[in-house]
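Worksheet: one structure, shown below.
Convention: sequence-line order gives letters A, B, ...; per-chain numbering from 1.
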Amino acid sequence: MKVIEPVIFELGDQDRKGYSLPAWDVPRIEAEDALPKELLREPARLPQLSETEVVRHFIRLSKMNYSVDEGLYPLGSCTMKYNPKVNEDLARLPGFSMAHPWQPQQLSQGSLKLMHDLELALAEITGMDAVTLQPAAGAQGELVGMMMIRAIHRDRGKPRDKVLIPDTAHGTNPASCTLTGYQAVTIKSSPAGILQAETVAEVMDESVAALMLTNPNTLGLFESEVEDICRAVHEKGGLVYLDGANLNAILGLVSPGKMGVDLMHINLHKTFSTPHGGGGPGAGPVAVKAELAPYLPIPRLVQEDGQYQLSEDFPSSVGRVMAFYGNFSVLLKAYAYILSLGPEGLKTISQVAVLNANYLKERLRKSYHLPYPAPCMHEFILSDKLQLTFGVRTRDIAKRLMDYGFHPPTIYFPLVVAGAMMIEPTESDSFQELDRFAQAMEAIAREAQEDPDLVIGAPHSLPFSRLDEVRAARLPRLRWKPEE
Amino acid sequence: MKVIEPVIFELGDQDRKGYSLPAWDVPRIEAEDALPKELLREPARLPQLSETEVVRHFIRLSKMNYSVDEGLYPLGSCTMKYNPKVNEDLARLPGFSMAHPWQPQQLSQGSLKLMHDLELALAEITGMDAVTLQPAAGAQGELVGMMMIRAIHRDRGKPRDKVLIPDTAHGTNPASCTLTGYQAVTIKSSPAGILQAETVAEVMDESVAALMLTNPNTLGLFESEVEDICRAVHEKGGLVYLDGANLNAILGLVSPGKMGVDLMHINLHKTFSTPHGGGGPGAGPVAVKAELAPYLPIPRLVQEDGQYQLSEDFPSSVGRVMAFYGNFSVLLKAYAYILSLGPEGLKTISQVAVLNANYLKERLRKSYHLPYPAPCMHEFILSDKLQLTFGVRTRDIAKRLMDYGFHPPTIYFPLVVAGAMMIEPTESDSFQELDRFAQAMEAIAREAQEDPDLVIGAPHSLPFSRLDEVRAARLPRLRWKPEE
Amino acid sequence: MMRYIPNSSPTSQRKMLRAMGLNELEQLFENLPDSLRQKSPLDLPAPLNESALVSHFGALSEHNANVHEYASFLGGGAYYHYIPAALDHILLRSEFYTSYTPYQAEISQGTLQAMFEFQTYICELTGMEVANSSMYDGASSLAEALLMAMRVTGRKKVAVSRAVHPHYRRVIETYLDDGDKQLIELSFTDDGLTDLAQVSNHRSDLAALVLQSPNFFGCFEELSAAASLAHASGALLVVGITEPLSLGLAKPPGHLGADLAAGEGQSFGLPLSFGGPYLGIFAAKGEYLRSMPGRIAGQTCDDKGRTGYVLTLGTREQHIRREQATSNICTNQALCALAATTYLALLGKEGLRELALLNLAKAKYCRDQIEQAPGVELRFPTPTFNEFVVRVTSDLERKVGRLLEQRIWAGLPLAPFYPELDDCILVCCTEMISQEAIHLLVEGLAEK
Amino acid sequence: MMRYIPNSSPTSQRKMLRAMGLNELEQLFENLPDSLRQKSPLDLPAPLNESALVSHFGALSEHNANVHEYASFLGGGAYYHYIPAALDHILLRSEFYTSYTPYQAEISQGTLQAMFEFQTYICELTGMEVANSSMYDGASSLAEALLMAMRVTGRKKVAVSRAVHPHYRRVIETYLDDGDKQLIELSFTDDGLTDLAQVSNHRSDLAALVLQSPNFFGCFEELSAAASLAHASGALLVVGITEPLSLGLAKPPGHLGADLAAGEGQSFGLPLSFGGPYLGIFAAKGEYLRSMPGRIAGQTCDDKGRTGYVLTLGTREQHIRREQATSNICTNQALCALAATTYLALLGKEGLRELALLNLAKAKYCRDQIEQAPGVELRFPTPTFNEFVVRVTSDLERKVGRLLEQRIWAGLPLAPFYPELDDCILVCCTEMISQEAIHLLVEGLAEK
Ligand SMILES: Cc1ncc(COP(=O)(O)O)c(C=O)c1O
Ligand SMILES: Cc1ncc(COP(=O)(O)O)c(C=O)c1O
């Protein structure tokens, strides 16, 4: 009986009011007094609601969402960890939230110091030499990384045109290549789920600008041949880009800097607990070895006479990718997180993230097919192979999990496993929560056997049954329209 | 399938930790170093949870509540209006929230001025002469009021022992009398639902200290004989106390001061929008005519040489009822509300509250028995008389409303109407929301006729069916205990 | 058109009036006597827009000092403890702060379960068997405890220690002043403890003996002895509490023979907020359950046996029993109780102990410094928790004034409450006081 | 034991390891090559407790000035508008800020419906037919619009006005720099408008003509004329936006022939926050829908016909199409889009217009004052919204410095971006600027 909430354009009434504007202390004018008529518009057709109605609308909408603050959110590759509340408060201090990006730098020393210290911390954590905080997300970090690779090859006088990408890679990797004019070449990982140095050596030649590697990879496995892989790439003059999306598995345990990679991004909204916000904002700082530092985007933070400054004076820089200095308040939250955890705490994060994943894996392998039985890092993959016998697929299992009060795992990714379920519990979950999830998964495995239609028809307990994605794509309705 | 959330004492694990304490900058000691052994306890058996688990626990609990921010909350007599968000922010300004009650008064001028200005505003709104902000809620306001009445009769040399209370009065009224040693004498209201001056005159004599009147009364009707009633009471040397719980109906429309009442309380958590908080904190300021001012609780706010001060120098005062100055941050929110609305806005509140109630009443009288068909003020009463024919009672209708996504009205009060449903929509609801509620009520009226068991068995869509209150009272389990 | 009032829009009003067959709003108010009408607009400030409102309150708030800006040794019933950030995020859940008293249980399980948890926390901490879900504040809670003791014993006289918080005593006086009830005060000894010897004078007709522990001077009272005395006279021992954090270390009243424990919960996660809203705690021995004031949540189940919670034992309360109710309390401090529950959940067993220990250690450090400095001394030798009374041999007022200039609130001067202690201040050291501030305090108070 | 990590407790870990048949945590890490191991602890500051963290950030924040403390005439792509208090309360709903991209529609309807509403708002405001659910910020959104124009037209050259925000141009350069794409700059006239005459030089191979309106100088560009020119050459007209509040009054790009509109949404309820996170807006003519970057929510229904929302047209995106995707964007600025949706919901039709008018009036007032004062003048005569360029005939730097001392940020000096405008500043007047501040500004800039 839960009421479906109307689109906001169907709410409110003429001349209702949800705002309270600052007073007019200058003479009131009409638009025509300052602008020529032909510049003026008919008012946009926006609905008019009272504040009460607006608040209720969005509160009601919020109640249709699942969230990390409610429970396990096992989206593989997304690192849906707890977002500490204190960090939200810190970002709202007026000294930060009310600071204008153009205000004099000598009056912004707090923000600049914070960014500077965060750069140092990220360099230390990754074992790299220099950092830019500018990219707004992992994918933009990749873009910046690919631009830097392009720039260094150019400077070396030998532009190249291909980038190697393992078949387990995230979609942003090949897309970032295309954006920078590179051709993405997919290479196969081994049956054990990792990339072999041999495979890389075979395809590596002087047309290859770089390899993009994710480590641990999206199967949750550590790329144990990474050193040899890097060597193989470097031998042919290529660079290795590390997709750091899975950094949560190795904080304080393994130093990416030692792997041999040349540059990498970090998803602060994953590893460093800044909230995902339903799809952003995030931040995707890029850390590089010294050789690449001159190519980092401008502006860069420099320190002079104890003053922090943003400098554009880096002639080799690839340029700018954001209007200002990146998603500042996201950076701030990540920095607060690092300061709260300290070196030991960061290490504990990864230890427990791995512990949690293995604990869950060991339990769930009794009910589901586990394509890669090796010890996993922070996440692992199951498949629907066993349930397929009863006509039950990964998507069905995912939807059925909703009835048990859980968000489903990432599904049908990575592509190398048919019917993949990619499960990443993160260190934020107690073993009781993991047990609750395992019980739900086990119950569904039983249902798949005993009452497959129950699973195939899920979800049953939400205001909707399964929503028709094909219809949505075929008849796109992408905005509300009056009386359609 | 929604999971029931365990009691917090069943969560967590040994040596988990949800806190982060300030550092020790003094030498570490053991308790025995400072306190004799016999004073020391075994640690209290509190559960140990991580912050993540604590947040999830309370977020999950919150999701089992209905709230004003979700929709109409038509609890009659409770004035469940929208709680403006800006007021929450203002109360959290460190200058208020971090101010110590004992800090020097010359360093608390902001808070004191605010309280002073609020006193003035409430005096103006009620048409009374002096105000105390100290009482923590309406009932404590009544208590203070009764104490003042006791004190003035004492000072007049003729203590009295009875207080008249109409049969429509709220339970706190007679209870407040008992607390102050008065005998509560119930008097009947007329068939039209109001108190007649005649009735009062009949019972009024020199043993009666006061009459407690609610106006508009709990039937939502304006006590139109109030002037004559007050005269009748005054003639015999009694005082009239106004229960101001229903002030939301008459702001800027009717002046309680003109009614002839001598003192009254105001529920800031009703009329002045401070959040109810699941049952408090509220605030119940008492406003009085000049004659009673000397009896107001101490400390009182005084202004001297432009400085505000709290003074205890009022020898006739009834004394103190709270450790400090009342629920300060509640006062603050009410004051912010008054400043936001202004004189016109306050009047509009009452106009619209009355409009909304009548709109709903006119619609619902077609489906439900309306015992008092006169135009109502901010609330009105329906009964289950029509539905009783089908065996459906008020309680059933209330529970069925939950299935439609609404909080039920106040039920079985006031006592003068059998099976009462007391409906107060407040000015915060749009007519669309009123229509939604009316549709639900109408649907239930139909169901009562066509499928009474559906209504009798409600709720059906919540994690629980009806909870057994009799069992709770018979076998009280009032705290969690291990392995019961 | 007001942003909080959807139907203040003329369009909406027209639609509604038309549906009711009316033409104008005024028709709804025809029955209001003209003589009572508010004829002129209320004489109140013109409305402030939101931005101006925020500025106005910002300016007001800056006319206050606060404990961020001053090193505060003030306690005396209101304690500056760190409040974990997560707590306010819970309190700001609309579902908690914009809901009403959970009369309709099925749609209010969040509040109800939290109340049940709160009651359990209070029982565990106080060592009592039952607790209600909150009272207005410590003072009024203690006053209601005395009224309850009178109901339970059928007696009209209570003996209250002078070492009980002076404001609490004032509130008790106010609550008891119906001409019928009698209040006697017990003086304190030079140890800072209640002189229990006086109790014997009132053996036959005492309803309650009332101590606070730690008392207003910070000293732990001898509750066991007091319990024996009280019980021997057929009276109840009522224990008041202003600093519940002490229960992280100290034996609770329930283990020492108390019949009722009542007091303040502000230390558990409530901001100082210039004195309120705070949190009245109320706990009792199980046998007195049905005489208790206030709301109580109880566990029950639905017809399928699923556990849930309801308000229970309503026959004690005003909405059911009216003039025969145990109290008139209705709205209480539910959200403050939720804050305390969340706070205690975050701290847990170890956290509470550790925090109490840290308070004890800071106070001990300060006491030690005082003992070594010239011209200042501990007024009472008795063990204390985080508060204690310091005697300053000369010039107290001037020294306190000078410390104020150094942005230090030296503590609460006792002269207004205890003329005999007019050279004393009550000093409180919580975890928020730094060692450095302690040094400055002692230096400022000591003889040069 | 860390408060964010439940299973950091030794007890919990023991239980878990035992269940897995293991003895110690290290067994899980045996496959990590020793050569890669982090041997020594990370060289990072020791952890701060929460109270110390709050103090540390408090201190850092106080090393920043902010627009509460200064009267700020700064704009230039970041605007100080009042943010209604209700907005942040919505953003702090756990369900919104701690959830992921709504891939699983049935359990993410809140986010999805809000995205659908956001798209509608953007279409209404820009007058375009389709909009996505957000890009990173205005600059990167505009850059992606140019890449899209190239995909749509199959051409490699874009003409970008020098009156486009200089940082946006720098971002465009960066995004386009693959050796293959060509960027030409169009100069501006003495009216502060793009010199469209130059476009004709590039007739045959232009993918896009790129203007911003109001442009960086605050001037409204002649979009209709630009559209004709662009279309005549087979190019798209791409319109950049930095101050979307102008759309409360000004004819939107979609009504003036724009093919793509891309820019910044920060003005709609996002705090200045030292430059981010802000909100990339991206809208297009319907025919280009399938070439658009970014996530899009679409309405659909379930098998019972109940309306719901899903992410749709995923075949444009990297997670489906990988190297053939229209962009690599994945995480975007969803919560910022929610903020903008809430903001626009609160303002509504009238509110947006009224606020735009108030901005226009403040700016006009300031312009009028400038025109009357000696030694200062409006650099361009063209109509503007809330920003405009002021020429100061002498001593600009010193005057700006003196205003700084009066706690006034006089505006953005243009010298670093336009050497030819080195005696000019870009002055912005939003609703937060008082008349008094305007007087002080003009006085400070004028000749004495
Ligand atoms: C492995 C991997 N790489 C890259 C990305 C892209 O990161 P972002 O979403 O921050 O752009 C993701 C995020 O989903 C990812 O999981
Ligand atoms: C008519 C009436 N009087 C008095 C009260 C008591 O007020 P409070 O709950 O603030 O103590 C109420 C509240 O429910 C009421 O409705």
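Remark: side-chain polar atoms of D:N64 are paired, donor with acceptor, to backbone N or O of A:G95 under 3.5 angstrom. With hydrogens and angles ignored, the 3.5 Å screen pairs a side-chain donor or acceptor of A:R41 with a backbone N or O of D:L125. For the pair A:Q103 (side chain) and D:A65 (backbone), a donor-acceptor distance under 3.5 Å is present. Of the possible polar contacts, one joining the D:T120 side chain to the A:W480 backbone as a donor-acceptor pair under 3.5 Å is found. One N or O on the side chain of D:T98 and one on the backbone of A:D69 form a donor-acceptor pair closer than 3.5 Å. When atom types are taken as modelled, the side chain of A:R320 and the backbone of D:H167 share no donor-acceptor pair closer than 3.5 angstrom. A:H276 places no side-chain N or O within 3.5 Å of a backbone atom of D:Y100 that could act as its donor or acceptor partner. A:T178 contributes a side-chain N or O that, together with a main-chain N or O of D:E323, makes up a donor-acceptor pair within less than 3.5 Å. Put simply, the side chain of D:N66 never gets that close to the backbone of A:M98: no donor and acceptor are under 3.5 Å apart. A distance-only check finds a donor-acceptor pair linking the side chain of D:D137 to the backbone of A:A323 [under 3.5 Å].
Note on A:R92 versus D:D88: salt bridge recorded, some NZ/NE/NH1/NH2 to OD/OE distance being below 4.0 Å. Salt bridge absent: A:K63 and D:E95 never bring a charged side-chain N and a carboxylate O closer than 4.0 Å. Salt bridge A:K17/D:E354: absent, no basic N to carboxylate O contact under 4.0 Å. For the pair D:E124 and A:R479, the salt-bridge criterion is met [side-chain N within less than 4.0 Å of a carboxylate O].
A:M322 and D:A139 get closest at one heavy-atom pair: C-CB, 4.3 Å. Residues D:M432 and A:P22 come closest through the heavy atom pair SD-CG, 4.0 Å. Of all the heavy atoms in A:L467 and D:G308, the pair that sits closest is CD2-CA, 3.8 Å. Contact detail for A:P43 and D:K349: the closest heavy-atom pair is CB-CG, 3.8 Å. Taking each heavy atom of A:A398 and D:Q104 in turn, the nearest pair found is CB-NE2, 4.3 Å. The minimum heavy-atom distance between A:H100 and D:L74, with the atom names listed, is NE2-O, 3.4 Å.
Both the backbone and the side chain of D:M16 come within contact range of chain A, judged by heavy atoms closer than 4.5 Å. For A:V352, the part lying under 4.5 angstrom from a heavy atom of chain D is the side chain only. Only the backbone of D:A297 comes within less than 4.5 Å of a heavy atom of chain A; no side-chain atom from C-beta onward does. Of the two parts of D:Y365, only the side chain, counted from C-beta on, holds a non-hydrogen atom closer than 4.5 Å to a non-hydrogen atom of chain A. Using a 4.5 Å cut-off between heavy atoms, D:T312 contacts chain A through its side chain alone, with no backbone atom that close. D:L147 touches chain A through its side chain: at least one heavy atom from C-beta onward sits under 4.5 Å away, while N, CA, C and O do not. Contact annotation for D:F220: only side-chain heavy atoms (C-beta onward) come within less than 4.5 Å of a heavy atom of chain A. Of the two parts of D:T341, the backbone and the side chain both hold a non-hydrogen atom closer than 4.5 Å to a non-hydrogen atom of chain A. Heavy atoms closer than 4.5 Å to chain A are found nowhere in D:E62, neither backbone nor side chain.
With sequence neighbours excluded, the residues satisfying side-chain contact (heavy atoms from CB on, under 4.5 Å) with A:L90 are A:V86, A:N87, A:L93, A:L332, A:A336, D:L53, D:V54, D:F57. A search for side-chain hydrogen bond (donor to acceptor under 3.5 Å, both in side chains) contacts involving D:R37 returns D:E26, not counting sequence neighbours.
Two residues are said to be in side-chain contact when any heavy atoms from C-beta on lie closer than 4.5 Å; A:T172 and D:R322 fail this criterion. Residues A:N65 and D:I107 fail the side-chain proximity criterion, which asks for heavy atoms closer than 4.5 Å. Contact check for D:L346 versus A:E51: side-chain heavy atoms found under the 4.5 Å cut-off.
For the 3.5 Å distance criterion, the side chains of A:E227 and D:S35 qualify, holding a donor opposite an acceptor.
With chain D as partner, the option from A:H269, A:M80, A:R16 having the largest number of non-hydrogen pairs under 4.5 angstrom is A:M80. Options A:G345, A:P174, A:P459 differ in how many heavy-atom pairs under 4.5 Å they form with chain D, and the most are formed by A:P174.
A:F324 and D:F274 have their aromatic ring centers separated by at least 6.0 angstrom. Less than 6.0 angstrom separates the ring centroid of A:F9 from the ring centroid of D:Y121.
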